Structure formats: structure tokens, C-alpha cells
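Because the structure is predicted, anything quoted here is derived from the model rather than measured. All values below were derived from every heavy atom in this structure, side-chain atoms included, with hydrogens, water molecules and symmetry-related copies excluded. Every chain is numbered from 1, with letters handed out A, B, ... down the list of sequences.
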Number of protein chains: 2
Amino acid sequence: MARLDRREHLIDTAISLFLCNGYHATGIDTILDKAGVSKKTLYHHFRSKDELILAALKKYDGIFRNNFMRQVEARSEQPYERLLAIFDVAGDWFSQNNFYGCLYINAIGEFSGPDTAIRQVCMEFKALLCRFIEDLCRELPVAEPLTLAQELALLLEGAIVTAQVSQGKNHSAKIAKTAATALIAQARTLPLPDADQAVGSSQP
Amino acid sequence: MARLDRREHLIDTAISLFLCNGYHATGIDTILDKAGVSKKTLYHHFRSKDELILAALKKYDGIFRNNFMRQVEARSEQPYERLLAIFDVAGDWFSQNNFYGCLYINAIGEFSGPDTAIRQVCMEFKALLCRFIEDLCRELPVAEPLTLAQELALLLEGAIVTAQVSQGKNHSAKIAKTAATALIAQARTLPLPDADQAVGSSQP
DNA sequence: AAGTAGGTGTACAGATCTGTTTCATCGTCA
DNA sequence: TGACGATGAAACAGATCTGTACACCTACTT
């Protein structure tokens, strides 16, 4: 195994364990055992456990982008369908047997310091997710795409934690989708600020 | 201090520390120091730290009922206004300087076992909250009060975690309230299943 | 006034956790 | 081939954590 491989493998292993057991409850030795890597190697790549946690949070950002967002984009070409597809993809995510909620929400629960690097990464991720939704909303003929995006983001976050508490055995994704449909429909009925609206929008 | 006082004081101290620092990161000694109680006393009232955690989660249920729900009920007599007041009270909660999110959501992030007592308490609390919202929705002339309640609950949960990540410095409560207003309005436009609807409803 | 339940304080045991160190080994590139 | 950086295995150090043991104190009840 090459050098970078081990580093990435360590991060991947850490992500899965942090998701499943939390950050403080996951010991270094547990990560090393599961990764099949020696402690020397870990401390060669990371100066401390906190640095590994930070690396895990940063990498998960990219993983989420490549999985969740790509899946949404693959389900439709149209912005309206993509917005709703968000909740279908989320539903698939929740019903996986190894669903343990959002890595970032869990991290904030354990590291609540006011201005830590961990919090910053979590906020950046949240902004990224909201921006993804906002970009889709901007393609719809709605007066306030940012507001709509923030509302949909709240629904998604709420669906995530609700599914987490009930171990994905409820229908929070479906409920969120129903609510999202209503919110989008309502936003479309509001008057637009300008005449030249709907840039390349595709409404069903 | 009497016997029960110490027990309750221990639980209260534990709640505030669990909220602020998390469960695993909060040591027994930290709780004892802050509470000004000896270790012997703690283990006289609780057999283990886990039992103290469980007691804290169970007590927080009652605290939340007496604070959050009573505040909502105090803001209006009408079900519609009360539903919206939920998000005003939530906004006040988020902007407190010692806001650290929801004790239960944080607990599930650290104790993700499939059928633990901790998870059960969290699910019961979630059901209680949803039931509170549902009872208000049932007083409105809407076709599916349960669905509406679940949608509003998702908004609330989403607002909580969003405020937690950004340390209450955003407007997630206001966004949730806007979305809630739209969802309630939309639910009211749907046809009712029966003629004799609206049992004791009071619509503005 | 005395007994007793509950409490304090401290020391301790045993486990676990992070991080370091030592020494041997492996792989790769010059 | 030889050198060097990366890795493994394991012991170790120091800190921290949960939970227990022991001796003594306090406050309330009878």
C-alpha cells in the first residue's frame, strides 16, 4: 500500500467509526485495528487525534458531494425534479442499515467550542449544501430563491435527525418531500419581482 | 440539603454539562465538582454514569415540557397562533448564549446502539413533541393534521440543528416560521374529508 | 441525648486513552 | 546494491476515567 493510500484509508476508517460510535467514544486503537495500520503510521500522518477528526470532516465533505449531490443530479435534468429528488436520495440514505445521521451534526454535539476549526468545517459544509439547493431554486420562477432554499434545507436537516433518532424506520424523507412540494408550489404563486423571470426554468 | 435535593441537583448539573460538553467528554469528577457533591453520594443515587445519563434525559423531558410548551401556550389561546408561536419560542431559545442544541439529538449522536434505553427515551420525547404539535393541528380545519404536524416537527428539528451549527447566529427560527405559515396555509386549502369537520376549531 | 441514614474527603484499583519510543523490516529509488 | 523514508509490533509513559473502600462527620428522628 502506498503512502497516500494509507492516509486515505485511515481517514475512511475513522469516518465510518466516528459515524457509528461518535468521536470521543472511538479510541485511536479501535481505528488502528479496523484499518489494519500501526500507531506509528497514524502519528506520522496526523499530529493528533483532533487532526484526524478534522481530516475526516473535511474529506466527508467531498464524499457527500460525490455521492448525495451526484445522485440527485443523476435522477433528473430539471431543477424542479432535482429539488424533489433530494428527498428521495435522502430516503435511500436513511434506510441503509448503517445510517447514523450526519457526521457534522454529530460533531457539533460533541465539540461545541465557539470558534473551533471543527465548527468552521461544519458551517462550511452547511453553506455548501444550502448553496446546492439555492442554485436549483434560482432556476425556478420564484421571487425569493434563497428563502425557499433555506426552508428546504431546514426540512432536509430535520428529516436527517428525525430519521437518525428512529433509526430510519419512519418516513421522514417522504414527509419532508411532501412539505417541500407544498413550499415550492407556494413560492411559485408569489409575484415575481421582475418581468424577465425564469431563466431556463422547466416547470412541470 | 435534603436527600432528594442532592439527587435532583446532580441531575440538573449533569444536564447542563452534557448539553455544553457532550456525554463522553463530561467526566464524573467534572459533574461532582460543579455540583459540589461527593462521589460517594453520586454512586449512592445512581449505579453508574449511564444511569445518571438516563436520569438526565428523562428529567429534561419534563423541563422541556414546563418551559418550551408552557411558553408556547402562554403566547396565545388560539391553535393557529400557538403553532406559529412554537417558532418564536424556539428563536428565543436559540439566541440564548448557552444554547447547545437538543439534548436528545446530541445523545443519539453519541449512543447509537440499536435498542438502548437512551434511544427509547429520545424517541419518546420526539413522539411527545410531535403529539403536542399534532394536538394543535387537530384544532385547525385541515384534512390531515398528523401529516401537517409531522411536517412542522421536521421544520422545528431542522431549525434546532441549524441554529446549533451556527451558534444561533442565523435566523433559522424565522425561516422555519415562514415555511410553517406556508405549510399551514396550504393544508387549509385542501378539501376536508368530511362535512362535520373542525371539532371545536378556532380559525382566525 | 443517642442512634442512624446520609454525606464528605481522600485514597485507591483497574481500565482505557493518547501519544512516544525503540527496534526491526520493507519498498523504492538512485 | 545501498540508503533512506515509511511501516509494523510492542512496550511504555502519563493522564484520565469509572467505580470502590475506608474513616470520619452531620443532621434529623425518636
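- Proximity of a side-chain donor or acceptor of Tyr23(A) to a complementary backbone N or O of Asn106(A) within less than 3.5 Å is not detected.
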Collect all protein-nucleotide pairs involving nucleotides 21-28 of chain C in which both atoms are nitrogen or oxygen and the distance is under 3.5 Å.
none

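- In this structure, the NE2 atom of His9(B) is 17 Å from the C1' atom of dG6(C), given to the nearest Å.
- Shown are Arg70(B), Arg75(B), Gln71(B); of these, the side chain to side chain donor-acceptor pair (under 3.5 Å) with Glu73(B) is made only by Arg70(B).
- Spacing between atom CD1 of Ile31(A) and atom P of dT16(C) amounts to 17 Å, rounded to whole angstrom units.
- Across the protein-nucleic acid pair, Asp33(B) atom CG and dT18(D) atom C1' stand 15 Å apart, rounded to whole Å.
- Taking 4.5 Å as the limit, some side-chain heavy atom of Gln167(A) sits within range of a side-chain heavy atom of Asp115(B).
- Contacts between residues 14-30 of chain B and DNA chain D, defined by a heavy-atom separation below 4.0 Å, involve Thr26(B), Gly27(B), Ile28(B), Asp29(B), listed by number.
- Note: Asp61(B) CG to Glu124(B) CD = 8.0 Å, rounded to the nearest 0.5 Å.
- Put simply, Arg6(B) has no side-chain N or O that comes within less than 4.0 Å of OP1 or OP2 on dG6(C).
- A ring-centre distance under 6.0 Å is found for Phe111(A) and His24(A).
- Picking from dT8(C), dT18(C), dA6(D) the nucleotide with the shortest atom distance to the side chain of Tyr43(A) gives dT18(C).
- Nucleotide dA10(D) holds its P atom 13 Å from the CG atom of Leu32(A), rounded to whole Å.
- For the pair His44(A) NE2 and dA9(D) P, the computed distance is 17 Å after rounding to whole Å.
- The line from CD of Glu51(B) to CG of Leu42(B) is 10.0 Å long, rounded to the nearest 0.5 Å.
- The structure places OH of Tyr60(B) at 13.0 Å from CZ of Arg65(B), a figure rounded to the nearest 0.5 Å.
- A donor-acceptor pair under 3.5 Å is formed between the side chain of Thr162(A) and the backbone N or O of Gly158(A).
- Ser38(A) has no side-chain polar atom (N or O) that falls below the 4.0 Å cut-off from OP1 or OP2 of dA10(D).
- A heavy atom closer than 4.0 Å to some atom of DNA chain C occurs in no member of residues 48-59 of chain B.
- When atom types are taken as modelled, the side chain of Tyr80(A) and the backbone of Leu140(A) share no donor-acceptor pair closer than 3.5 angstrom.
- What separates CZ of Arg7(A) from C1' of dT7(D) is a distance of 16 Å, to the nearest Å.
- Here the shortest heavy-atom pairing between Phe87(B) and Ala173(B) reads O-CB, 3.5 Å.
- Considering only side-chain N and O atoms, Arg47(B) lies nowhere under 4.0 angstrom from the phosphate OP1 or OP2 of dT20(D).
- Under 4.0 angstrom from either OP1 or OP2 of dT7(D) there lies at least one side-chain N or O belonging to His45(A).
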Step-by-step salt bridge (Lys or Arg N to Asp or Glu O under 4.0 Å) determination, Glu139(B) to Arg82(B): CA-CA 11 Å; Glu139(B) 296 187 53; Arg82(B) 280 185 175 176; 5.8 Å; no
